[in-house]
Amino acid sequence: QVQLVESGGGLVQAGGSLRLSCAASISTFSEYAMGWFRQAPGKEREFIGAVNWRGVITSSVDSVKGRFTISRDNAKNTVTLQMNSLKPEDTAVYYCAAAAGPRLTRKEYEYDYWGQGTQVTVSS
């Protein structure tokens, strides 16, 4: 059974940093593209970025470019989201997701597995 478990969320002051991790219990982890999404209160879930097995990254949210970095460790079956210079508008539940295959996708329905989410709250 595939499980994705996020960790590292919490409360941080504006300008601070957090590092989210997602541990995947997938035997063929390197065959999956891993994505990060977030959902703020009252808003739809939005795509942040994704990384495939080769480390190729795509991102979507202009507001996080230059502040958020996605990386993965295929040996440890983990993907991380390093978030710097956090802003109150980054407050959301953050989810990691896994999509079979090397193609990077921004579409939620193309992801096969999802974590339970981790709360990130940025205070002003």
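Note that the structure is predicted; figures quoted are calculated from it, not measured.
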Is any side-chain heavy atom of Val56 closer than 4.5 Å to one of Leu104?
yes

Given the ring of Phe29, does Arg72 sit roughly above its face, with NZ or CZ under 6.0 Å from the centre of the six-membered ring and within 45° of the axis?
yes

With side chains defined as the heavy atoms from C-beta onward, is the minimum distance between Leu20 and Trp36 less than 4.5 Å?
yes

Report yes or no: do Ile57 and Trp53 belong to one cluster of Ile/Leu/Val/Met/Phe/Trp/Tyr joined by side chain heavy-atom distances under 4.5 Å?
no

Arg19 side chain reached by Leu81 side chain, heavy atoms, under 4.5 Å
no

Carefully, step by step, assess Asp73 and Thr78 under the rule side chain to side chain donor-acceptor pair (under 3.5 Å).
CA-CA 5 Å; Asp73 186 334; Thr78 58; 4.9 Å; no

Do Tyr94 and Gln119 have side-chain heavy atoms sitting under 4.5 Å apart?
no

Side chain to side chain, Thr69 and Asn84, heavy atoms closer than 4.5 Å
no

Does Trp114 have more than 12 heavy atoms from other residues, nucleotides or ligands lying within 6.0 Å of its CH2?
yes

Which disulfide bond (SG atoms under 2.5 Å apart) pairs, counting each pair once, include a residue from residues 91-124, with sequence neighbours left out?
Cys22-Cys96

Would you confirm whether Asn52, through its side chain, and Met34, through its main-chain N or O, come within 3.5 Å as a donor-acceptor pair?
no

Judged by atom type as modelled, is there a donor-acceptor pair below 3.5 Å linking the side chain of Asp112 to the main-chain atoms of Ala100?
yes

Does Glu6 reach the side chain of Ser21, with side-chain heavy atoms less than 4.5 Å apart?
no

Salt bridge or not for Lys65 and Asp62, using N-O below 4.0 Å?
yes

Min side-chain heavy-atom separation Thr91-Val120 under 4.5 Å
no

Sub-4.5 Å side-chain heavy-atom contact between Thr118 and Tyr95:
no

Partner set under ring-ring contact (aromatic ring centres under 6.0 Å, His included) for Phe47, not counting sequence neighbours
Phe37

Side-chain donor/acceptor of Arg45 to backbone N/O of Arg38, under 3.5 Å
no

Go through it in stages, so that I can follow the logic: the residues are Glu110 and Thr105, the test is side chain to side chain donor-acceptor pair (under 3.5 Å), and I'd like the CA-CA distance, side-chain angles, deciding distance and then a yes or no.
CA-CA 7 Å; Glu110 292 187 342; Thr105 178; 2.3 Å; yes

Is there a path of hydrophobic side-chain contacts, each under 4.5 Å between heavy atoms, that joins Tyr111 and Tyr113?
no

Just by distance, do the side chain of Ser25 and the backbone of Gln3 share a donor-acceptor pair under 3.5 Å?
yes

